[in-house]
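Some notes on the structure that comes next.
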Amino acid sequence: MTTRTTPGGPPRTVLLRRGEVHSPADPFATAMAVEGDRVAWVGSEAAADSLAGSADEVVDLDGALVTPAFTDAHVHTTATGLALTGLDLAAARSLPDALERVRAHAASGPADGVLIGHGWDATRWPERRPPTRAELDAAAGGRPLYLARVDAHSALVTTALLDRVPGVTRLSGHHPDGPLTADAHHAVRRAADATVGPAQRAAAQRAALRRAAALGIGAVHECAGPDISSEEDLTALLALAAAEPGPRVTGYWAALVTDAKEAEHVRELGAVGAAGDLFADGSLGSHTACLRHPYADAPHTGTAYLAAEDIATHLVACTEAGLQAGFHAIGDAALGAVVAGARAAAERLGTARVRALRHRVEHAEMPDADAIGALAELALTASVQPAFDAAWGGSDGMYAERLGADRARALNPFAALLRAGVPLAFGSDAPVTPLDPWGTVRAAAFHRTEEHRISVRAAFTAHTRGGWRAIGRDDAGVLVPGAPADYALWRTGDLVVQAPDNRVARWSTDPRSGTPGLPDLTPGGPLPECLRTVVGGRTVYDRLNE
């Protein structure tokens, strides 16, 4: 691939040609022109000839695919960067392997300070249990250690870290030797996060954003909050993203809002909403998702952090302030509480006012028919993570272990959500699952439960345009004239229109339909390789000419 750039400063107009451009404006487009930070034109190779002479830069795509950049609608940026640059146990294959990784990490760094790690999942280990506190104390050499479970809703800690949190043993969720949940977990997480200094935090944030850019992600939604990170972490991330080239960062602050003053504080932090991980419940893996019926492998129904009345109060206050609201809700009981609260808010304010703010529900893994109908009626965006099903779905996965096979098959019903008209935005919840946009699209199109599958095209839209729509922007996430010039170039195989099964109308796969093709994402095949990522007309990742 070659480029030609005229001398005299940065290019003003860029013409990309001799490739494939994924655009509803022209399903057969092979070229695209960008002026400044906007898409100016898409069209044919013949028409590109007339533009080449006036372009400041001409990019020969050599058959590469041009698509809108992805938006990851649920990310924890600093935690993702700390996992990328530090202790990540996602690859640990056994309990001894995990302990050895802790031991090596403790030995490789400074002798003081708190160790922070992420990603252990005992359901995947032969031993089927997490390490004891004594085992962790030994592996960490007596140092303070915070070790989040893969879902980040419980954590293992060493004795030295517990000693730094007075009163932790009296908090809900404290266990003498097992993972900490609820308030005890939040307390030790705050203690660990407080030891991350500005330089380490900035390095982690840069690492996460660089990884995102290298994967064709042009925007991330940072889901911050008082039980997840800190105000300082959020404001530092937003400042870094504004000052340095990279993906756009949209911030959410998950604080419960009850009045206009609290809503204004959310805005003062730079957040666009009091949403993201405002916990209505926890997670299935940590047995803290709130269920209507007990877990199959535990004699309880999880943890409810918010009642319907709290949810209604939050939605009313945010709506009256013109601020987007949202909740983390995974279990069917938690989703029931969100629906009840949202309906109560709509009764007080009117359905139209609630719909206008595009409030969000993160994860929404166990919605029943009533919840799906309410999400559609109230225009609540379902910010979902298809990689969860890829990681934990199936007849022998963690979901089936926690819920039993029958209940587990109902999880993450993407097709039902789409049929009902629920707005979808896809994300990773990184570091819970990795930043991996094409893998996310594949996971939705090849859901482990066949009736929940959606087309590659629908999944791609949810991971590009869906994230923009979730923040109230209908003009972005698509390559049409006037749209923001956020795009990625890909090396990939033949393009196809891929339907999940024969229930999808076959006209859409006929070339005569004019439906733009996308890469073949059949499991087992290679995923597209990112060659360049551009945000607002500015290149933030580039290996086009390598």
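Numbering of residues begins at 1 and proceeds along the displayed sequence.
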Trace of the salt bridge (charged side-chain N to carboxylate O under 4.0 Å, His left out) decision for E451 with R409: CA-CA 10 Å; E451 59 263 34; R409 275 193 292 271; over 6 Å; no
Nearest 0.5 Å, what's the [atom1]-[atom2] distance between [X] and [Y]?
X	Y	atom1	atom2	value
D277	I228	CG	CD1	4.0 Å
L489	L544	CG	CG	6.0 Å
W41	L479	CH2	CG	13.0 Å
E20	L495	CD	CG	5.5 Å
H118	H76	NE2	NE2	9.5 Å
L82	Q200	CG	CD	5.5 Å

Tell me whether [X] at atom [atom1] has more than 12 heavy atoms from other residues, nucleotides or ligands lying less than 6.0 Å away.
X	atom1	answer
R473	CZ	yes
E35	CD	no
E264	CD	yes

Write down the atom of [X], the atom of [Y], and the distance for their closest heavy-atom approach.
X	Y	result
T492	P519	OG1-CB, 3.3 Å
P484	D475	CD-O, 3.5 Å
A52	R17	CB-NH1, 3.7 Å
F446	L521	CE1-O, 3.5 Å
A271	L238	N-CD1, 4.5 Å
V540	G246	CG1-N, 3.3 Å

Under 3.5 Å side-chain donor-acceptor pair for [X] and [Y]:
X	Y	value
H221	E362	no
N412	E365	yes
S383	R360	yes
T77	Q205	no

Audit row: H463, W438, side chain to side chain contact (heavy atoms under 4.5 Å, CB included) steps and yes/no: CA-CA 9 Å; H463 214 350; W438 285 112; over 6 Å; no
For the residue pair [X] and [Y], establish whether any side-chain heavy-atom pair is separated by less than 4.5 Å.
X	Y	answer
V66	L61	yes
Y487	L16	yes
T250	V220	no
V75	D429	no
F279	D227	yes
V535	P245	no
L378	T351	yes
L357	L323	no

Do the charged groups of [X] and [Y] touch, with an N to O distance under 4.0 Å?
X	Y	result
D62	R18	yes
R355	E377	no
D486	R248	yes
R358	D474	yes
E57	R12	no

H74 and H363 aromatic ring geometry - parallel, tilted or perpendicular at 30°/60° bounds: tilted
W392 and F388 aromatic ring geometry - parallel, tilted or perpendicular at 30°/60° bounds: tilted
Of R206, R210, R538, the residue whose pairing with E244 passes salt bridge (charged side-chain N to carboxylate O under 4.0 Å, His left out): R206
Close aromatic pair by centroid cut-off 6.0 Å: H328 and H153: yes
Pair F460 + H22: ring centers closer than 6.0 Å: yes
Residues H452, F414; criterion ring pair (Phe, Tyr, Trp, His ring centres under 6.0 Å); working and verdict: CA-CA 5 Å; H452 300 331; F414 304 135; 7.7 Å; no
Side chain to side chain contact (heavy atoms under 4.5 Å, CB included) between T71 and I217, worked out: CA-CA 6 Å; T71 294; I217 297 171; over 6 Å; no
Steps toward side chain to side chain contact (heavy atoms under 4.5 Å, CB included) verdict (V361, L335): CA-CA 9 Å; V361 181; L335 282 163; 3.8 Å; yes
CA sep, side-chain torsions, deciding dist, call: V34, V534, side chain to side chain contact (heavy atoms under 4.5 Å, CB included): CA-CA 11 Å; V34 172; V534 176; over 6 Å; no
